[in-house]
Number of protein chains: 2
Amino acid sequence: MNIHDIAKLSGYSAATVSRVINCRKYVSDDAKLAVQKVIKEYDYVPNDVARDLSKGKTHNIGVVMPHTKHPYYTGIINGIMDAAFPAGYRIVLLPSMYNADIEMNYLNRLRRKAYDAIIFTSHGVSLDDLVNYQAYGSIVCCHDPGNYKISAAYTERIASYLAAFKWAKKQSVHDVAIFLSRDFTLSATSQLTRKAFIEVFGHIPTNDLLRTGVVTYEEGYKSARSLYENKKYPDMIFANGDDIAAGARQFYLDNNLPIPLLIGQENQLSGQLLRLPTIDHNFHEIGKLAFELALENKTRQVSVESKFILRDQKSCPDN
Amino acid sequence: MNIHDIAKLSGYSAATVSRVINCRKYVSDDAKLAVQKVIKEYDYVPNDVARDLSKGKTHNIGVVMPHTKHPYYTGIINGIMDAAFPAGYRIVLLPSMYNADIEMNYLNRLRRKAYDAIIFTSHGVSLDDLVNYQAYGSIVCCHDPGNYKISAAYTERIASYLAAFKWAKKQSVHDVAIFLSRDFTLSATSQLTRKAFIEVFGHIPTNDLLRTGVVTYEEGYKSARSLYENKKYPDMIFANGDDIAAGARQFYLDNNLPIPLLIGQENQLSGQLLRLPTIDHNFHEIGKLAFELALENKTRQVSVESKFILRDQKSCPDN
DNA sequence: TTAGTTTCTGAAACGCGTTTCAGGTCAAGT
DNA sequence: ACTTGACCTGAAACGCGTTTCAGAAACTAA
């Protein structure tokens, strides 16, 4: 049962049926009633894929993300979704595990018109590749793209990193451990962390106090243990997430060791529970902005400031 | 640039080009080389939407979920994704806010062939509706469907509820508060909670110790406050999630009140941090199973047992 | 050598809705 | 009476890849 069948049954043409379905002008009342009757009688609904093909639009936005356990991504996703839903767009989850081949595959799906746009919450392929593939559809990334001509919604992090480190310095810490999800060389965010650290402390982060590939609570725990096993006793840990900091804290607790000063990130529930200082990167807002950029047809960058948050020891949920 | 253009340019027909692209048999080496040369020269890629239309399959699975903040849903989503990715399927996020109209809209998209299948992590429309719409595509729900003929992947919760309440009874609690996300009348899960409660404690849950619509940490906090303001002092709280229990705990802490015995659910990080007893409902596994069911063309139900978890006070992340 | 089987190939139909364009009607304006 | 413009309609083209089917060529087996 397709639009041509309805046309025949109603005695009108497919064009007229299409007009009725889409509430277009230039349809007589007679035609409208006749077509609607047949549509109802045969319980017809048009085929979305055919419509998409015809219109050249799918209303699907692909969202590439390295993994799904990380609240960084779920935060952005939520932001995208809250913006996409009222606009009538759906989001398609595209897990990448930072694998460039998989990401290329997604970029090619963009060429193949499977998505109207792609948002990279993070990416393993080069920015050059992203820039080139813009010829085939809208692409948005979620970090500062520097001079690359590509749309981006990202957090301006440097001020909050500086604030966090300055605060830490005021607490007179000496040996700062850093737990990152990706290496300085791989990630612009990690580079920023490094830069802020150097600016405040006057020297580069100590390598044997650095742990990378740390994303979860468990990994925070293990990284703390690894420091201890290597006889490293930092008096502060700067972690890539509150959960990570919470994991580290638990290691020291479990072993009756003094807990270093902890700074988390992402303003997660764990940080709230433990009253950790944290940095809120406004991911929800980033997601919203990224979606808006995805629908525009010129490249543009927008950023929001992230915020260093110190909590007092008493708590009360916002309300 | 479409398949017909390539056909003309290579001197072969569209059928042959299609065969080359899809690595079909019955193509001569000459033809293959000629076509591949033109494809490479013009950097041609086929249009996915046209292919989907032609094949009648999109490789998209719609996943309906009431909201996205809740770890119940993110857990299932992760499970679905881990299974869907290797199978070459993508998942499309369909937020519903329990709104039946919106859900109907998604069901109609299934009719319109926008998705190969839909998984309802939860639903506001009736089971009758779900059963009826199976005529238009595979539908899976994530709770026990009783006698309804529909595929389902769900958690068998009753044993763990009983275990939790029995354990609680052994701690000789008297006044049990219950924090649920949905009312007894609305949710089968809530009904189960009620049933187990009655079986163990011999009476129905006290209404003025019941709070519904509780999902987050903040709401847990507020619900505890609401109890207190109503001069209710439960000696135990059975919460619908660890985060909720953590929120309640914080209220008592903040006000220097004795903390009731707490039982959470979902085995969330907050519960791990606070060493709360919890119930793990195996959502990741449910997601995986739901995806498998979505691809089958007969209805089938599978379930996994949930587990009541008591923790000792010392912790060590699994590894 | 004959019958039978593979291998190639392409025209045309198919999946299905949208849009353009030409042709026609009818009422308002001059 | 004549132009103008708004309204209505449908054939055909378009978006684009897949599949069927028939015909031809080439090879195998008897």
Side-chain angles (χ1 to χ4, degrees), chain A residues 1-39 42-60 88 108-116 136-137, chain B residues 1-39 42-60 88 108-116 136-137:
Chain A
M1 180 62 54
N2 63 34
I3 202 169
H4 298 283
D5 297 325
I6 299 295
K8 253 175 234 152
L9 289 164
S10 65
Y12 286 85
S13 70
T16 298
V17 176
S18 178
R19 290 195 190 96
V20 171
I21 291 171
N22 296 291
C23 304
R24 280 274 205 316
K25 272 173 57 175
Y26 305 136
V27 181
S28 66
D29 289 348
D30 282 358
K32 194 188 289 185
L33 286 173
V35 168
Q36 285 175 336
K37 182 160 167 286
V38 177
I39 287 178
Y42 288 86
D43 200 20
Y44 163 79
V45 287
N47 179 308
D48 271 350
V49 183
R51 183 177 277 179
D52 286 348
L53 173 61
S54 195
K55 296 233 185 193
K57 272 193 100 183
T58 63
H59 291 269
N60 282 338
N108 279 309
R109 303 192 96 76
L110 183 66
R111 287 186 66 181
R112 292 150 163 267
K113 308 286 177 200
Y115 316 115
D116 292 353
Y136 310 115
Chain B
M1 179 63 53
N2 62 35
I3 202 169
H4 298 283
D5 298 326
I6 299 295
K8 255 174 232 151
L9 289 164
S10 65
Y12 286 85
S13 71
T16 298
V17 176
S18 178
R19 289 193 190 98
V20 171
I21 291 171
N22 295 292
C23 304
R24 280 272 205 319
K25 271 173 59 174
Y26 306 135
V27 181
S28 66
D29 290 346
D30 282 357
K32 194 188 290 185
L33 286 172
V35 169
Q36 284 174 336
K37 179 159 169 286
V38 177
I39 287 179
Y42 289 85
D43 200 21
Y44 163 78
V45 288
N47 179 309
D48 271 351
V49 183
R51 181 177 277 179
D52 286 348
L53 173 61
S54 195
K55 296 232 185 195
K57 273 193 99 183
T58 64
H59 291 270
N60 282 339
N108 279 310
R109 303 193 95 77
L110 182 66
R111 288 185 64 182
R112 292 149 163 268
K113 307 289 177 196
Y115 317 116
D116 292 352
Y136 311 114

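Here is the naming used below: chain letters follow the sequence lines, and residue numbers restart at 1 for every chain. Because only heavy atoms are used, hydrogens play no part in the values below, and waters and symmetry mates are left out as well, while side chains stay in.
- Residue contacts shown for A:Val27 are limited to sugar-phosphate atoms, with no base heavy atom under 4.0 Å away.
- Remark: P of D:dC16 and CG of B:Asp5 are 9 Å apart, rounded to the nearest angstrom.
- At the phosphate of C:dC8, neither OP1 nor OP2 sits under 4.0 Å from any side-chain N or O atom of B:Tyr26.
- Of all the heavy atoms in A:Leu53 and B:Val49, the pair that sits closest is N-CG1, 3.5 Å.
- Non-hydrogen atoms lying under 4.0 Å from DNA chain D are contributed by B:Ala15, B:Ser18, all within residues 8-18 of chain B.
- No N or O donor and acceptor, one from the side chain of B:Arg112 and one from the base of C:dG17, sit under 3.5 Å apart.
- For B:His59, the ring-ring contact (aromatic ring centres under 6.0 Å, His included) criterion is met by B:Tyr89, not counting sequence neighbours.
- Of all heavy-atom pairs between B:Asn60 and B:Ala114, the closest is CB-O, 4.1 Å.
- When rounded to the nearest whole Å, the span between CG of A:Asn2 and C1' of C:dA13 equals 13 Å.
- Looking only at distances, a side-chain donor or acceptor of B:Asp116 sits under 3.5 Å from a matching main-chain atom of B:Thr58.
- A sub-4.0 Å separation between OP1 or OP2 of D:dC8 and a side-chain N or O of A:Arg24 is absent.
- Under the rule for a ring-ring contact (aromatic ring centres under 6.0 Å, His included), the partners of A:Tyr136 that lie at least two apart in sequence or sit in another chain are A:Tyr133.
- Atom-to-atom distance recorded for B:Tyr44:OH and B:Asn2:CG is 6.5 Å, nearest 0.5 angstrom.
- Atom NZ of A:Lys32 and atom P of D:dT9 are 11 Å apart (whole Å).
- Contact check, A:Asn22 against C:dG17: no side-chain N or O comes under 4.0 Å of OP1 or OP2.
- Applying the side chain to side chain donor-acceptor pair (under 3.5 Å) criterion to B:Asn47, with sequence neighbours excluded, gives no partner residue.
- In this structure, NZ of B:Lys113 is placed 12 Å from P of C:dG15, rounded to the nearest angstrom.
- Taking atom CG of B:Asn47 as the reference point, atom C1' of C:dC16 lies 14 Å away to the nearest angstrom.
- The heavy-atom pair separating A:Ser13 from A:Ala7 by the smallest distance is C-CB, 3.5 Å.
- Heavy-atom distances under 4.0 Å link DNA chain D to B:Ala50, B:Arg51, B:Ser54 of residues 50-58 of chain B, given in residue order.
- As a whole-Å value, the separation of B:His4 NE2 from D:dT18 P is 10 Å.
- Residue pairs meeting the salt bridge (charged side-chain N to carboxylate O under 4.0 Å, His left out) criterion with at least one partner in residues 42-60 of chain A, sequence neighbours excluded, are A:Asp43-B:Arg111, A:Asp48-B:Arg109, A:Asp48-B:Arg112.
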Polar-atom pairs under 3.5 Å, protein N or O versus N or O of nucleotides 22-26 of chain C: list them with distances, or write none.
none

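- In this structure, the NZ atom of B:Lys25 is 17 Å from the C1' atom of D:dT19, given to the nearest Å.
- Taking five base pairs at each end of the helix from C:dT1-D:dA30 to C:dT30-D:dA1 and finding the rotation axis that steps the C1' atoms of four pairs onto the next four gives two axes whose angle is 30°, to the nearest 10°.
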5' to 3', nucleotides 23-28 of chain D under a 4.0 Å protein heavy-atom cut-off (B base, S sugar-phosphate only, - none) gives ------
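- At a threshold of 4.0 angstrom between heavy atoms, the contacts of A:Ala7 with the nucleic acid are absent.
- Nearest to the side chain of B:Ser28, among C:dT9, C:dT7, C:dT18, sits C:dT9.
- Residue A:Arg19 places no side-chain atom within donor-acceptor reach of the base of C:dG17, judged by atom type and a 3.5 Å distance cut-off alone.
- Between A:Val45 and B:Asp29, the one whose closest nucleotide on DNA chain C sits nearer the 5' end is B:Asp29.
- Annotation: the span from B:Tyr115 atom OH to B:Leu110 atom CG amounts to 9.5 Å, rounded to 0.5 Å.
- Between A:Arg111 atom CZ and D:dC16 atom P there is a gap of 13 Å when expressed in whole angstrom units.
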Let me have the donor-acceptor pairs involving side chains of residues 21-38 of chain A, under 3.5 Å, with sequence neighbours excluded, atom names and distances please.
unit_1	atom_1	unit_2	atom_2	d
A:Asn22	ND2	A:Ser18	O	2.9
A:Asn22	ND2	A:Ser18	OG	3.4
A:Ser28	OG	A:Ala31	N	3.1

